[in-house]
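Everything below concerns the one structure shown next.
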Amino acid sequence: MELCAVTSSAGSTNEDYHCNEVLQRHYNHTGKLEQNRYRDGLKPESIAGLFICLLIVVENSVVLMAIWKNKKFHMPMYYLLGNLTLSDLLAGFTYMLNIVLSGPITLKLTPLLWFLREGGVFITLSASVISLLAIAIERYFTMLNTKPYHRAKRNRMFALIAASWALSLLLGALPIMGWNCLHHLKWCSTVLPLYAKSYIFFCVFVFLTVLLAIVLLYTRIFHFVKSNTQNPSCVQRKPYGHRSLKYMALLKTVTIVVGAFIVCWMPLFVLLLMDFVCPVKTCPVLFKADYFLGVAITNSLINPVIYTLTSRDMRRAILKLLCRRCLMTKDGRVRKIGIRISFTKTDVNRQGLETTISSGNATTSPIKSIYPKLKLSVIA
């Protein structure tokens with residue numbers, strides 16, 4: 001400890017990254033050591049958070065497997081959705097590690113381990129935001145180009161995925177690269193005591209800018225598709241009309257995803273902006289940041305549900321993956337369970353009109369009726 005104090009005053013950054021006393025000094029400055037959260041073990045809300053994270057990992061793993069195993073989804077749009085799913089999966093995993101390494105363990109960490117713990121959450125958060133922007137960009141260029149070029153779309157897709165992760169890694173690594181407040185306590189954030197307030201503000205500004213760009217792109221896409229679907233000359237062209245309807249369905253799915261992201265993450269963005277403005281120990285709500293982050297992380301739990309409810313193909317693929325034998329037929333279709341009713345016209349015979357009731361076997365029983373033929377068949 002004594003060596004840490006000397007090296008900190010001397011300004012040796014490398015030593016500060018491995019000095020536990022530096023972390024405790026920053027937590028004490030922001031007032032977090034006055035809370036009881038660092039004395040007890042995992043609280044009930046932390047255990048609930050771990051359970052939610054486990055669900056996030058399982059759900060997104062199922063979606064990724066469905067996309068990987070179904071050749072119908074091997075196209076740029078679904079690859080980008082898979083990239084978003086991967087970022088959600090990693091968000092659940094990194095937040096699970098964050099919870100496990102929180103509480104009393106926090107004060108035992110070195111600044112380097114603390115930066116890695118928080119940086120993982122920032123990287124996956126950035127990947128989610130930028131992945132949504134990548135999907136919006138792909139949809140926009142696809143709608144502008146009436147002639148599909150698979151190779152060009154595939155190259156653009158790989159470029160967007162690579163750029164999203166490169167930018168996310170850069171944004172999450174900035175604090176450990178030097179954009180922190182290890183030597184300037186007055187610049188420190190209350191929510192994240194080793195992060196500089198300027199870095200927190202920069203991240204929020206980047207996220208809000210990206211979300212604004214996403215909203216603008218989808219607004220342009222919506223007006224473009226709507227104008228073409230209402231144009232009789234475009235509707236008469238069946239291939240183009242079919243593409244427009246297909247893109248509108250995909251647009252609906254991704255728009256719901258974007259809306260859910262904004263609803264879940266906006267409270268945390270507002271809290272971080274308050275952290276930038278409020279002086280140290282003046283805003284008690286900043287000590288409740290874990291609840292805001294818990295609400296935000298549920299977005300990664302909602303996204304797979306949105307895919308399943310809004311996409312019939314995705315729903316069938318997930319059902320096929322989870323219960324292939326009990327829910328799928330041999331030809332790969334979803335098995336129908338219930339009663340099918342069909343009305344057909346029959347010729348009038350000597351006994352009059354008949355109603356035929358079938359129970360799935362080869363026998364039928366005629367019933368005289370004044371109505372057209374009614375065929376009931378139970379399908380299992």
Side-chain angles (χ1 to χ4, degrees), residues 63 67 73 75-88 91 123-171 202-231 234 240-266 268-269 296 299-300 302-304 306-307 309-311 313-314:
V63 175
I67 294 176
F73 298 148
M75 52 189 299
M77 178 62 185
Y78 285 100
Y79 280 137
L80 290 171
L81 283 175
N83 183 57
L84 176 61
T85 304
L86 177 62
S87 64
D88 287 336
I123 290 172
T124 53
L125 167 61
S126 304
S128 295
V129 179
I130 301 175
S131 294
L132 290 173
L133 178 60
I135 294 173
I137 293 174
E138 170 62 26
R139 288 297 91 213
Y140 181 74
F141 280 105
T142 301
M143 293 307 303
L144 289 181
N145 298 326
T146 56
K147 296 181 180 180
Y149 296 96
H150 183 71
R151 180 175 297 179
K153 292 177 63 176
R154 192 177 183 86
N155 294 336
R156 184 171 64 236
M157 178 265 298
F158 283 122
L160 288 172
I161 292 177
S164 65
W165 282 104
L167 292 175
S168 301
L169 289 171
L170 176 62
L171 189 62
F202 175 75
C203 290
V204 175
F205 175 78
V206 170
F207 295 153
L208 293 178
T209 302
V210 170
L211 288 177
L212 178 61
I214 292 172
V215 172
L216 293 176
L217 284 173
Y218 280 122
T219 302
R220 295 281 304 267
I221 295 173
F222 176 78
H223 287 297
F224 181 84
V225 176
K226 185 178 179 181
S227 62
N228 282 278
T229 53
Q230 292 178 350
N231 189 350
C234 293
Y240 188 85
H242 179 71
R243 284 180 65 229
S244 297
L245 294 177
K246 182 178 179 181
Y247 291 151
M248 282 297 291
L250 291 173
L251 179 62
K252 177 183 177 182
T253 300
V254 180
T255 302
I256 296 175
V257 171
V258 174
F261 184 90
I262 293 175
V263 171
C264 292
W265 284 101
M266 193 57 67
L268 181 62
F269 290 159
N299 176 247
S300 299
I302 295 174
N303 282 341
I306 296 175
Y307 304 149
L309 294 180
T310 58
S311 174
D313 293 334
M314 184 67 72

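Computed from heavy atoms alone, side chains included, the values below leave out hydrogens, waters and symmetry copies. In this chain, residues are counted from 1 in sequence order.
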_Gap separating the CG atom of L86 from the CG atom of L81, nearest 0.5 angstrom_ = 12.5 Å
*Sequence neighbours left out, what passes ring-ring contact (aromatic ring centres under 6.0 Å, His included) with F205? Give chain and number order.*
none
*If you round to the nearest 0.5 Å, how far is OH of Y78 from CG of L80?*
12.0 Å
Please tabulate, one pair per line, all N/O donor-acceptor pairs under 3.5 Å involving side-chain atoms of residues 127-135, not counting sequence neighbours.
residue, atom, partner, partner atom, Å
S128, OG, S87, OG, 3.3
S128, OG, D88, OD1, 3.4
S128, OG, T124, O, 3.2
S131, OG, N83, ND2, 2.9
S131, OG, A127, O, 2.5

*Passes side chain to side chain contact (heavy atoms under 4.5 Å, CB included), F202 versus L171? Steps please.*
CA-CA 10 Å; F202 175 75; L171 189 62; 3.6 Å; yes
*Close side-chain approach of L216 to R220, heavy-atom, < 4.5 Å*: no
*Between CZ on residue F261 and CD1 on residue I214, distance to nearest 0.5 Å*: 7.5 Å
*W165: what forms a ring-ring contact (aromatic ring centres under 6.0 Å, His included) with it, not counting sequence neighbours?*
none
_Euclidean distance, T85 OG1 relative to I67 CD1, rounded to 0.5 Å_ = 5.0 Å
*CG of L208 to CE of M266: how many Å apart, nearest 0.5 Å?*
5.5 Å
_I'd like to know whether W265 forms a side chain to side chain contact (heavy atoms under 4.5 Å, CB included) with L211, so could you lay out the CA-CA distance, the side-chain angles of the two residues, the decisive distance to 0.1 Å, and finally the verdict._
CA-CA 11 Å; W265 284 101; L211 288 177; over 6 Å; no
*State the CD1-CD1 distance between I256 and I302, to the nearest 0.5 angstrom.*
11.5 Å
*For A260 and I306, which heavy atoms make the closest approach, and how far apart are they?*
CB-CD1, 3.9 Å
